[in-house]
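Heads up: the structure comes next, in structure tokens.
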Protein chains: 2
Amino acid sequence: MIQSVDRAIRVLGVLQGARLISLSEIATRLELHPSTVHGIIKTLQAHGMVLQDAGSQRYRLGPAVLKLGNVYLDTLELRSRALSWSTELARRTGYAVRTGVLLPDEVMIVHHEPRPDGSRQMQEVGIVIPAHACALGKAMLAYSPEQRDALLASGALRSMTAETATEPAQLTERLAQTRQEALATEQEEAVIGECGLAAPIFDASAAVTGAIGVVIPMLEWPAADTVAGAVRETARNISRELGAPHWPG
Amino acid sequence: MIQSVDRAIRVLGVLQGARLISLSEIATRLELHPSTVHGIIKTLQAHGMVLQDAGSQRYRLGPAVLKLGNVYLDTLELRSRALSWSTELARRTGYAVRTGVLLPDEVMIVHHEPRPDGSRQMQEVGIVIPAHACALGKAMLAYSPEQRDALLASGALRSMTAETATEPAQLTERLAQTRQEALATEQEEAVIGECGLAAPIFDASAAVTGAIGVVIPMLEWPAADTVAGAVRETARNISRELGAPHWPG
DNA sequence: AATTAGATTTGACAATGTCAAATTCGTTGC
DNA sequence: GCAACGAATTTGACATTGTCAAATCTAATT
């Protein structure tokens with residue numbers, strides 16, 4: 001582990017949390033000397049990863065990070081396979097479809113297929129949602145023992161709504177149910193008024209690489225039984241295209 | 001400039017160009033010792049910026065870079081201001097609307113408003129286009145003398161189509177015309193069949209922060225005169241919201 | 001005009017990253 | 001099934017290079 005590279009990434013992490021921040025505040029948060037942070041920041045700035053606001057002298061993320069992010073999306077085989085199946089799933093069910101990957105304790109959305117009814121929706125690619133509070137996250141955690149244990153051990157089950165599972169035992173039970181049905185559900189656990197169904201996607205090494213699911217407004221919950229079947233089937237189809245030997249896990 | 005941080009960013013740059021690449025190839029391209037690259041890569045990997053492919057042992061970008069990129073978009077005041085005006089411009093003109101920022105020699109799209117006719121389109125946020133070969137790029141370069149000179153001096157006017165301006169003199173002339181009309185045009189210079197109009201956006205310090213423009217299919221070119229007016233007006237309105245003292249430059 | 005908060009620069013020291021060689025791992029050819 | 005190869009990884013010594021504390025500069029504020 002190279003110290004200065006590690007510190008540079010931590011600086012980016014702070015910048016990610018605080019949109020516009022002064023050099024000395026970054027130094028304080030990371031418990032580093034301002035001069036150390038300055039050297040790192042100037043290096044990042046030279047590559048366009050960080051910008052200095054002209055007026056306030058404070059720092060923020062730069063455009064180079066977006067370019068990197070876009071290349072990541074392009075290289076993701078999961079995403080390219082999910083594209084066509086998402087359209088199909090959205091058409092069949094009438095709901096918005098999301099595909100996500102698992103970060104240490106969050107799910108990151110790598111594709112968002114809007115509801116086919118054409119209602120205007122926010123662009124959601126790149127957003128992150130706590131893994132324990134969404135169907136996509138539970139679908140993946142249910143089949144990723146290490147990640148699940150790490151999350152449970154970290155004790156970071158942040159509460160999002162009244163329905164969020166914040167107790168390890170509660171989450172463990174929901175994951176067991178997810179495995180039983182090969183389908184994860186979510187009822188207003190992350191966002192009030194929003195429910196969801198999701199199923200895990202496996203790759204050629206039989207490991208979870210992602211999950212796909214539908215977003216269902218509370219008013220339309222529970223969804224028709226055919227929706228659950230369609231989500232499972234879509235996840236199985238994508239898994240097969242990725243070379244998964246079997247589905248589920 | 002901190003050497004190892006600089007090298008880490010160069011490693012990311014190589015990963016950006018080559019989707020899946022071996023450690024020794026990265027080392028060769030950067031003229032570094034494999035062991036040096038290994039230390040950097042493992043640090044990046046620990047933070048999820050880089051992933052190692054299970055089968056081939058090769059490396060690729062990781063999800064953490066996408067998360068960073070998304071935060072950049074959220075912090076961009078240009079983008080939030082452009083959102084509502086883009087919808088309006090798309091509605092008035094009937095064309096897809098793009099907003100972009102200027103990198104050293106490319107334009108990066110930070111917002112894409114689809115054509116209001118509802119035709120299905122690719123998501124284009126995060127893609128980059130050579131600055132000298134698109135209307136957005138020329139709109140910004142025309143009012144950014146340093147960036148223009150740097151680009152002309154670099155001699156990197158890559159040819160995209162037969163119409164691309166690859167000679168410095170040719171580009172200089174087109175930029176002069178852009179300033180004269182306060183509007184940049186593009187006729188199949190980047191992509192065959194695609195034309196465009198764009199105007200620059202200025203911030204409170206009277207510097208160019210971006211550009212907004214419409215994408216026009218070759219078959220519908222030239223567009224009605226009202227389109228040019230609508231593009232200029234939109235750029236002026238966004239500039240005013242950002243606190244620009246005057247428009248153009 | 002003085003004060004303060006913050007960004008930046010400087011220079012010495014020692015921690016730290018770098019390099020070359022050695023080792024391990026997996027794959028291909030015989 | 002064994003050997004040879006290519007590639008990733010590990011190790012340890014050396015010297016480069018990042019780090020820290022103090023000093024300087026800059027720009028707001030009173």
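Below, chain A is the first sequence line, B the second, and so on; all start at residue 1. Atom set for the values below is all heavy atoms of this structure, side chains included, hydrogens, waters and symmetry mates excluded. On a predicted model such as this, the values are computed, not experimentally measured, just so you know.
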Using whole Å, what does the distance between atom [atom2] of nucleotide [N] and atom [atom1] of [X] come to?
| X | N | atom1 | atom2 | result |
| --- | --- | --- | --- | --- |
| Leu30(B) | dC19(C) | CG | P | 12 Å |
| Ile21(B) | dA8(D) | CD1 | P | 10 Å |
| Asp6(B) | dT16(D) | CG | C1' | 16 Å |
| Gln3(A) | dA14(C) | CD | C1' | 12 Å |
| Ile26(A) | dA7(C) | CD1 | C1' | 12 Å |
| Glu25(A) | dA5(C) | CD | P | 15 Å |
| His33(A) | dG6(C) | NE2 | C1' | 13 Å |
| Arg10(B) | dG17(C) | CZ | C1' | 17 Å |

Any base atoms under 4.0 Å from [X], or only sugar-phosphate, or nothing? Heavy atoms, all strands.
| X | answer |
| --- | --- |
| Arg7(A) | sugar-phosphate |
| Leu23(A) | base |
| Ser35(B) | base |

Taking only side-chain nitrogens and oxygens of [X], does any of them come within less than 4.0 Å of OP1 or OP2 of [N]?
| X | N | value |
| --- | --- | --- |
| Tyr59(B) | dA7(D) | no |
| His38(B) | dT9(D) | yes |
| Ser4(A) | dG18(D) | no |
| Gln52(A) | dT8(C) | yes |
| Ser22(A) | dA5(C) | no |

Does [Y] offer a backbone N or O that forms a donor-acceptor pair with the side chain of [X] under 3.5 Å?
| X | Y | answer |
| --- | --- | --- |
| Asp203(B) | Ala207(B) | yes |
| Thr164(B) | Met160(B) | yes |
| Thr234(B) | Trp85(B) | no |
| Arg98(A) | Gly213(A) | no |
| Trp247(B) | Glu233(B) | no |

Exercise. In terms of side-chain heavy atoms, does His47(A) have a donor or acceptor partner in Gln45(A) at a distance below 3.5 Å?
Worked result: no
For this session: State whether a side-chain donor-acceptor pair under 3.5 Å links Arg58(A) with Ser22(A).
Result: no
In residues 147-159 of chain B, what donor-acceptor pairs under 3.5 Å come from side-chain atoms, sequence neighbours left out?
unit_1, atom_1, unit_2, atom_2, d
Ser154(B), OG, Leu151(B), O, 2.7
Ser154(B), OG, Ala156(B), N, 3.3
Ser159(B), OG, Thr161(B), O, 3.3

Problem set entry | Neighbours of DNA chain D within residues 41-49 of chain B, by heavy-atom distance under 4.0 Å | Lys42(B)
Exercise. In terms of side-chain geometry, is the basic nitrogen of Lys67(B) or Glu106(A) positioned less than 4.0 Å from the acidic oxygen of its partner?
Worked result: yes
Exercise. Would Phe202(A) and His246(A) count as a side-chain contact (heavy atoms from CB on, under 4.5 Å) if you check the C-alpha gap in whole Å, the side-chain angles of each, and the deciding distance to 0.1 Å?
Worked result: CA-CA 8 Å; Phe202(A) 302 88; His246(A) 44 252; over 6 Å; no
Problem set entry | Inter-end axis angle, the helix from dA1(C)-dT30(D) to dC30(C)-dG1(D), with every axis fitted to five base pairs (rounded, 10 degrees) | 50°
